[in-house]
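Single-structure report; data block below.
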Amino acid sequence: PRKLEHLAGRFTCPTALLVDDKEIVVAEGSSLNAPSAWSRDLLELNRSGRVVVVDRSTGASRVVAKDAAFPNGLTRDAQGEIVFSQSWRH
């Protein structure tokens, strides 16, 4: 498979990864604030997060969720669909 070094620096605030043989799923908590500024993101109640799926063989990516409230934690349900939590959805 193609090396994925090009992913480094592509995400402002990665909060979780889900990796299998075919894909890497990345939860990006915020497109505005770095991980160290999570409290600012919370106080501003930002919803600039996203979930991105990267094909491991080609490096192609697609956004499967946007405008998310600091997505964090990733899994797949019984049907294989991506499930994630949103820290600021309260």
Side-chain angles (χ1 to χ4, degrees):
R2 181 178 152 180
K3 295 186 182 244
L4 298 173
E5 285 92 2
H6 68 282
L7 291 178
R10 192 161 135 190
F11 297 95
T12 303
C13 184
T15 56
L17 294 173
L18 178 62
V19 180
D20 63 30
D21 293 341
K22 297 179 182 177
E23 299 176 324
I24 299 172
V25 183
V26 181
E28 181 174 34
S30 174
S31 64
L32 304 172
N33 295 300
S36 60
W38 68 267
S39 57
R40 177 184 180 144
D41 207 76
L42 169 61
L43 291 173
E44 293 174 348
L45 292 177
N46 286 324
R47 286 173 171 44
S48 66
R50 62 188 181 150
V51 177
V52 180
V53 177
V54 180
D55 183 291
R56 291 185 67 176
S57 65
T58 67
S61 63
R62 69 185 190 284
V63 176
V64 296
K66 62 181 184 174
D67 302 325
F70 212 85
N72 191 6
L74 293 164
T75 192
R76 291 191 186 265
D77 65 15
Q79 290 75 39
E81 297 295 319
I82 298 168
V83 179
F84 62 95
S85 62
Q86 296 184 75
S87 299
W88 310 161
R89 268 299 170 210
H90 50 75

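Note that the coordinates shown come from a computational prediction; the quantities given were computed from them, not determined experimentally.
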Original post:
About how many Å separate CG of D21 and CZ of R56, when rounded to the nearest 0.5 Å?
Top reply: 7.0 Å

Original post:
Which heavy-atom pair separates P71 from G49 by the least distance, and what is that distance?
Top reply: CD-CA, 3.8 Å

Subject >> From CG (L17) to CG (L74), nearest 0.5 Å >> reply: 7.5 Å

Original post:
Does T15 use its side chain to pair, donor to acceptor, with the backbone of A27 at less than 3.5 Å?
Top reply: yes

Original post:
If Ile, Leu, Val, Met, Phe, Trp and Tyr residues are connected whenever their side-chain heavy atoms lie under 4.5 Å apart, and connections chain through other members, are F11 and I24 in the same group?
Top reply: yes

Subject >> Where G59 and R10 come nearest, the two heavy atoms and their spacing >> reply: O-NH1, 4.2 Å

**OP:** Check the side chains of W88 and N46 for a donor-acceptor pair under 3.5 angstrom, ignoring hydrogens and angles.
**Re:** no

Original post:
Going only through I, L, V, M, F, W and Y residues with side-chain contacts under 4.5 Å, is there a path from F84 to V64?
Top reply: yes

**OP:** Begin from the C-alpha positions of E23 and R62 and carry the test side-chain contact (heavy atoms from CB on, under 4.5 Å) through to its verdict.
**Re:** CA-CA 11 Å; E23 299 176 324; R62 69 185 190 284; 3.6 Å; yes

**OP:** Dump the intermediate steps for side-chain contact (heavy atoms from CB on, under 4.5 Å) on R76 and I82, then the final yes or no.
**Re:** CA-CA 5 Å; R76 291 191 186 265; I82 298 168; 3.6 Å; yes

**OP:** Applying side-chain contact (heavy atoms from CB on, under 4.5 Å) between V53 and each of L18, V25, V26, report the one that passes.
**Re:** V25

Subject >> For V63 against K66, the heavy-atom pair lying closest together >> reply: CG1-CB, 4.1 Å

**OP:** Apply side-chain contact (heavy atoms from CB on, under 4.5 Å) to the pair C13 and W38, showing each step before the final yes or no.
**Re:** CA-CA 9 Å; C13 184; W38 68 267; over 6 Å; no

Original post:
Atom CZ in R47, atom CG in D41: separation rounded to 0.5 Å?
Top reply: 10.0 Å

Original post:
Any donor-acceptor pair under 3.5 Å linking the side chain of S31 with the backbone of S48?
Top reply: yes

Original post:
Do S30 and R40 meet the criterion of a side-chain donor-acceptor pair at a distance under 3.5 Å?
Top reply: no

**OP:** Would you give the length of the straight line joining atom CD of Q86 to atom CG of D67, rounded to the nearest 0.5 angstrom?
**Re:** 10.0 Å

